[in-house]
Novice: 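Let me begin by handing over the structure; questions about it come next.
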Amino acid sequence: MRWSRMFIPTLKDSPSDAENISHKLMLKGGYIRQLFAGAYSFLPLAQRSLLKITSIVREEMNRIGAQEILMPALNPIEIWDKTGRNDVMGDEMFRLKDRKERLLCLAPTHEEVVATIAAGEIRSYRELPQVWYQIQTKFRDEPRPRSGILRVREFLMKDSYTLAATEEQLDISYNRHAEAYKRILKRCGLDFIVVGASTGTMGGTASQEFMVLSDAGEDEVVFCPNCKYAANVEVAESILPEYSWQPMEKEEVYTPAKKSIEEVSEFLRIPPEQLVKSLVMVVDEKEFVMALVRGDRKLCEEKLKLHLGASNIRPAQDKEIEEALGVPAGFLGPYKMKKKIRIIADDGIEKDMPFATGANRVDYHIKGLRLSEIDGIEFADIREAETGDTCTRCGKRLKRIPTIEIGHIFKLGTKYSKALGANFLDENGESKPIIMGSYGIGIGRILAAAMELFADEAGTALPISIAPFEVIITPLNVTNPLILETAEKIYKELLEKNVDLIIDDRDIRAGSKFKDAELIGIPLRITVGEKSLASGKVEIFIRRDKKKIEVPKEKATDELLKLREEMFKELTP
RNA sequence: CGGGGUGUAGCGCAGAUGGUAGCGCGUGCGGUUCGGGACCGCAAGGUCAUGGGUUCGAAUCCCAUCACCCCGACCA
C-alpha cells in the first residue's frame with residue numbers, strides 16, 4: 001500500500017471534543033470520524049485493524065467448534081415481549097415501526113432470535129450441543145455514549161450462543177469460550193484479568209468478564225494481589241477493616257440544614273464511619289426500600305438489586321421521598337418512621353455500634369442509635385468493596401482498579417428457551433428446555449483498549465497482530481532516486497514475503513513522516529535516508545521501545561522478517 | 001434523566017463595554033529547502049448552531065430550541 005494513495009487524514013491538533021487517550025489518538029491518527037453522538041465511521045486504518053481483530057476472533061471461535069451465522073439486526077418486537085425484555089431493556093433498545101405500523105426493534109443482543117431458531121428447529125438431544133456465533137453490528141441507545149469508540153450506540157460485537165441438553169454440556173461450552181477469549185486477547189496483545197461479574201439484565205446463573213486494566217475504563221474491579229481473587233465491584237465481596245467506635249449517648253440533635261454526610265460529620269464532630277446513610281430506592285417502580293450503609297461507604301445498587309430479586313432499582317427523587325415518608329432527603333433514618341418501609345442494612349455495620357443518622361424530622365438527627373435495637377431490619381452485603389478492605393479468601397488487602405470490559409460470558413440457563421418454547425426431547429423422550437449460554441466480545445473495544453494501553457507522547461504502538469500495517473517503509477526524500485529505489489526494492493521484497501506494509505511515498509518532509517508513522521502506531525519502520533545510505537545502510541525502528549538498528553540495506557528484508565516473526569511469537573498463546 | 005460546559009474557516013482558538021469577523025495550523029499555486037511537523041510570496045475558504053426578540057445597527061444583549069462534550073444512574 002502507498003501512503004500517497006491512502007485516505008489517512010491525520011491531524012496536528014486533536015479536536016477539543018476528545019477527552020480520553022484512545023479517542024484523541026483515533027481522531028488524530030485518522031482512524032475514525034464521528035457522525036453523531038455514539039456513532040463513528042471507521043476510516044481505512046481503523047477498518048484494517050478491525051478486520052485483523054475479527055479474523056483472530058473467527059479463527060479462535062472456529063477453533064472451539066463454533067459455527068458462524070448471521071442474524072437480522074432488525075427484530076419483531078413480539079419475541080422481546082415473550083421474554084419480558086422489551087420492558088427490561090427500556091429506553092436502551094431502539095424501536096421503530098415498519099410501513100404497516102408493525103413494531104420492530106434494532107437488536108441490542110440476540111438471545112431471543114437464537115431461541116426462536118432453536119424453538120423451530122431443534123427437536124432432539126441428538127442435535128445438541130450447538131455453538132453459534134456471529135460478528136455483527138449491535139444497537140443500543142446508550143444513555144450516555146462516551147470515550148470515543150469505547151461506549152457507542154452502534155458497535156461491532158462478536159456474540160455467541162450455546163445450546164445444551166445438560167449442565168455438563170453448558171459447562172464445556174462455557175469453559176471453551178473462556179479459553180477462546182483468553183487466546184483472542186493474548187493474540188491481540190492485551191493483558192487482561194478474568195473477573196466474577198453480575199449477570200445484570202441478561203439473567204442467568206454465572207458470568208465472568210474479561211477486563212483490560214486501564215484508567216479509561218468505566219468498570220471497576222476489586223482484586224487481591226495475594227490470592228488473585230478478582231471480581232467486578234458490582235459483586236465483589238470484602239470485609240471492612242477494623243473500626244474502633246466511640247461510645248455515644250442516645251439523643252436527638254438539632255442539625256439545621258445539615259444534610260450530607262460531610263456536613264453532618266463536621267457539624268456533630270462524628271467521623272463518617274460512625275454515621276449511617278439512609279438511601280431510599282425505588283424498586284421495580286412500585287416499592288420503596290431504605291438501604292442503610294455506613295457513612296464512609298457507597299451503596300452497591302447491583303448487590304441490593306440482587307438481594308431484593310428486583311429487575312430494576314433507582315434512587316428515589318426528593319419529591320418521591322417526601323411524599324412517601326413525609327420527610328425530605330437528608331434527615332432520613334430507620335428511626336421513628338412515619339411510614340414503615342422495608343429496610344435493608346449493610347452487614348458491614350456493626351450491630352452494636354452507636355451511630356448517628358437522620359431522625360425523620362426536618363433539621364434533626366439522632367445520635368447513639370444501634371441496629372440491634374431496630375425491629376424488622378434485613379442484613380445483606382450491599383456496600384461497594386474498596387481499596388484497603390480485607391480479602392474474604394486470604395485476609396490480605398484488596399485493591400480496586402478501573403478496567404475496560406472487553407468480553408463477558410454468561411451461563412444463561414433456560415430463561416429464554418422457556419419463554420420462546422425452545423425445547424428438546426431427551427433420551428427418555430421427555431421434553432425439556434434447552435440450556436443456553438451467551439458470550440460477547442467487543443471488537444472495537446479491543447482496538448480502543450490497545451491504543452490506550454500502548455499510548456505514549458508520540459502516539460501509540462499497536463501490537464503487530466492488530467496494527468493496520470505491520471511495517472512502514474519511510475523513504476525520507478522521494479526526490480532522491482537512490483533513496484526511492486532502495487525503499488521500493490525493500491518494499492517489493494517484503495510484499496513478496498506477504499508482509500502487510502505501507503510505503504510512505506509522500507513528497508513531504510522527514511519530520512512529518514516520522515510523526516505520522518509514530519502517531520498511527522505501526523510497530524516496525526524502515527527508514528531509508530541519505531545519512532545511513534551513505535554507508536550502505538538503512539535503519540529499522542522498533543516503535544514500542546523506540547529502538548533504532550542500522551543494518552546493511554541488503555539485509556534489511558531478512559532482519560525485518562526476523563523481528564516481525566519475534567513480535568508475532570510473543571503474541572502466540 | 002439530573003448537574004456542568006461548549007457551539008465563530010477543515011482543525012485549534014481570539015473577538016472588553018453592540019458598529020458589519022480575525023490569528024495559528026492546514027489547503028491551492030509559485031519558489032527556496034529536505035533525518036524529526038521548514039521558510040518566503042500569492043490565493044481560496046465564514047448562513048458567527050438554529051429560530052425569534054430588543055436596537056438605526058447583534059457573533060456580542062434577551063428568550064426559546066437543537067447539537068456536541070464532560071460528571072453521575074446502564075453495558076461489549
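Residue numbers start from 1 in every chain, and the chains themselves are labelled A, B, ... in the order their sequence lines are given, proteins ahead of strands.
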Novice: Work out how far the C1' atom of B:A67 is from that of B:G51, and round it to whole angstrom.
Specialist: 14 Å

Novice: Consider the side chain of A:Tyr40, meaning its heavy atoms from C-beta on, and name the nucleotide among B:G35, B:C69, B:A76 that approaches it most closely.
Specialist: B:C69

Novice: Within the 4.0 Å heavy-atom criterion, would you say A:Asn480 contacts the bases, only the backbone, or no part of the nucleic acid?
Specialist: nothing

Novice: If the P atom of B:A59 is compared with that of B:U20, how far apart are they to the nearest Å?
Specialist: 10 Å

Novice: Base, sugar-phosphate or nothing for A:Asp91? Non-hydrogen atoms, less than 4.0 Å.
Specialist: nothing

Novice: Quick one: label A:Ser147 by what it contacts on the DNA or RNA (base, sugar-phosphate, nothing), any heavy atom closer than 4.0 Å.
Specialist: sugar-phosphate

Novice: Side chain of A:Pro143 only, heavy atoms from C-beta on: which candidate in B:A73, B:C34, B:G37 is closest?
Specialist: B:A73

Novice: Counting side-chain heavy atoms from C-beta on, which of B:G35, B:C75, B:A73 comes nearest to A:Arg151?
Specialist: B:C75

Novice: Please classify the nucleic acid contact of A:Glu19 as base, sugar-phosphate, or nothing, using heavy-atom distances under 4.0 Å.
Specialist: sugar-phosphate

Novice: Side-chain donor-acceptor pair under 3.5 Å between A:Arg146 and A:Asn20, yes or no?
Specialist: no

Novice: Would A:Phe155 count as stacked on B:A76 if the rule is ring centres under 5.5 Å and plane angle under 30°?
Specialist: yes

Novice: Return yes if a side-chain donor-acceptor contact under 3.5 Å exists between A:Tyr439 and A:Ser173, otherwise no.
Specialist: no

Novice: Under 4.0 Å, heavy atoms only, any strand: does A:Gln34 hit a base, just the sugar-phosphate, or nothing?
Specialist: sugar-phosphate

Novice: Quick one: A:Phe541 CZ to B:G36 C1', roughly how many Å, whole number?
Specialist: 11 Å

Novice: In whole angstrom, give the distance that lies between atom CG of A:Asp13 and atom C1' of B:U27.
Specialist: 15 Å

Novice: Report which part of the nucleic acid A:Lys548 touches: base, sugar-phosphate, or nothing (heavy-atom distance under 4.0 Å, all strands).
Specialist: base

Novice: Report yes if some heavy atom in the side chain of A:Leu74 is under 4.5 Å from a heavy atom in the side chain of A:Leu96; otherwise report no.
Specialist: yes

Novice: How is A:Gly407 classified with respect to the nucleic acid when contacts are heavy atoms under 4.0 Å: base, sugar-phosphate, or nothing?
Specialist: sugar-phosphate

Novice: A:Glu457 has an atom CD; how far is it from atom P of B:G36, in whole Å?
Specialist: 18 Å

Novice: Could you tell me the separation between the CD1 atom of A:Ile32 and the P atom of B:C11, rounded to a whole number of Å?
Specialist: 15 Å

Novice: Between B:U55 and B:C23, how many Å separate the two C1' atoms, rounded to a whole number?
Specialist: 30 Å

Novice: Would you please say whether a donor-acceptor pair under 3.5 Å links the side chains of A:Glu530 and A:Asn480?
Specialist: yes

Novice: A:Asn232 has an atom CG; how far is it from atom P of B:A76, in whole Å?
Specialist: 11 Å

Novice: Is any side-chain N or O of A:Ser16 closer than 4.0 Å to OP1 or OP2 of B:C13?
Specialist: yes

Novice: Go through the N and O atoms of the side chain of A:Arg314 and the base of B:A73, and report whether any donor-acceptor pair is under 3.5 Å.
Specialist: no

Novice: Once hydrogens and angles are ignored, does a donor-acceptor distance under 3.5 Å link the base of B:G35 to the side chain of A:Ser532?
Specialist: yes

Novice: Is A:Arg146 side chain donor-acceptor paired with the B:C68 base, going by distance under 3.5 Å alone?
Specialist: no

Novice: B:C74 C1' sits how many Å from A:Arg153 CZ, rounded?
Specialist: 14 Å

Novice: Do A:Glu452 and A:Ser214 meet the criterion of a side-chain donor-acceptor pair at a distance under 3.5 Å?
Specialist: no

Novice: Phosphate oxygens OP1/OP2 of B:G26: is one of them under 4.0 Å from a side-chain N or O of A:Lys12?
Specialist: yes

Novice: Of all the nucleotides listed (B:C74, B:C34, B:C71), which has the minimum atom distance to the side chain of A:Asn477?
Specialist: B:C34

Novice: For A:Lys303 and B:A73, give me the distance from atom NZ to atom P, rounded to whole Å.
Specialist: 15 Å

Novice: Assess whether a salt bridge exists between A:Arg85 and A:Asp87, defined as any Lys/Arg side-chain N lying under 4.0 Å from an Asp/Glu carboxylate O.
Specialist: no

Novice: With a non-hydrogen cut-off below 4.0 angstrom, is A:Glu209 in contact with a base, only sugar-phosphate, or nothing?
Specialist: nothing

Novice: Is it the case that over 12 heavy atoms from other parts of the model lie below 6.0 angstrom from the CG atom of A:Asp215?
Specialist: no

Novice: Of the nucleotides B:C68, B:C75, B:G37, which has the atom closest to the A:Ala37 side chain?
Specialist: B:C68

Novice: Check this for me: does any side-chain nitrogen of one of A:Glu60 and A:Lys186 sit under 4.0 Å from a carboxylate oxygen of the other?
Specialist: no

Novice: Give A:Phe36 one of three labels, base, sugar-phosphate or nothing, depending on what nucleic acid heavy atoms sit under 4.0 Å from its own.
Specialist: sugar-phosphate

Novice: Mind checking if A:Leu476 touches a base, just sugar-phosphate, or nothing, with heavy atoms under 4.0 Å?
Specialist: base

Novice: Between A:Gly529 and A:Phe210, which has a closest nucleotide on RNA chain B that is more 5'?
Specialist: A:Gly529

Novice: I want to check one thing: is the phosphate of B:G35, taken as OP1 and OP2, less than 4.0 Å away from some side-chain N or O of A:Thr527?
Specialist: no

Novice: Is there side-chain contact between A:Pro573 and A:Lys182, with at least one heavy-atom pair below 4.5 Å?
Specialist: no

Novice: Just the rounded figure in Å: distance from C1' of B:G12 to NZ of A:Lys24.
Specialist: 13 Å

Novice: Check whether the side chain of A:Arg525 and the base of B:G36 form a donor-acceptor pair under 3.5 Å.
Specialist: yes

Novice: Between B:U8 and B:G46, how far is it from one C1' atom to the other, in whole Å?
Specialist: 8 Å

Novice: What is the nucleic acid contact for A:Pro15, judged by heavy atoms within less than 4.0 Å: base, sugar-phosphate only, or nothing?
Specialist: sugar-phosphate

Novice: So which nucleotide does B:U60 pair with, by the Watson-Crick or G-U wobble rule with both distances under 3.5 Å?
Specialist: none

Novice: Please check the phosphate of B:G36 (OP1 and OP2 only) for any side-chain N or O of A:Arg509 closer than 4.0 Å.
Specialist: no

Novice: Return whichever of A:Thr479 or A:Asp516 has its heavy-atom-nearest nucleotide of RNA chain B closer to the 5' end.
Specialist: A:Thr479

Novice: Pick base, sugar-phosphate or nothing for A:Val152, based on heavy-atom distances below 4.0 Å to the nucleic acid.
Specialist: base

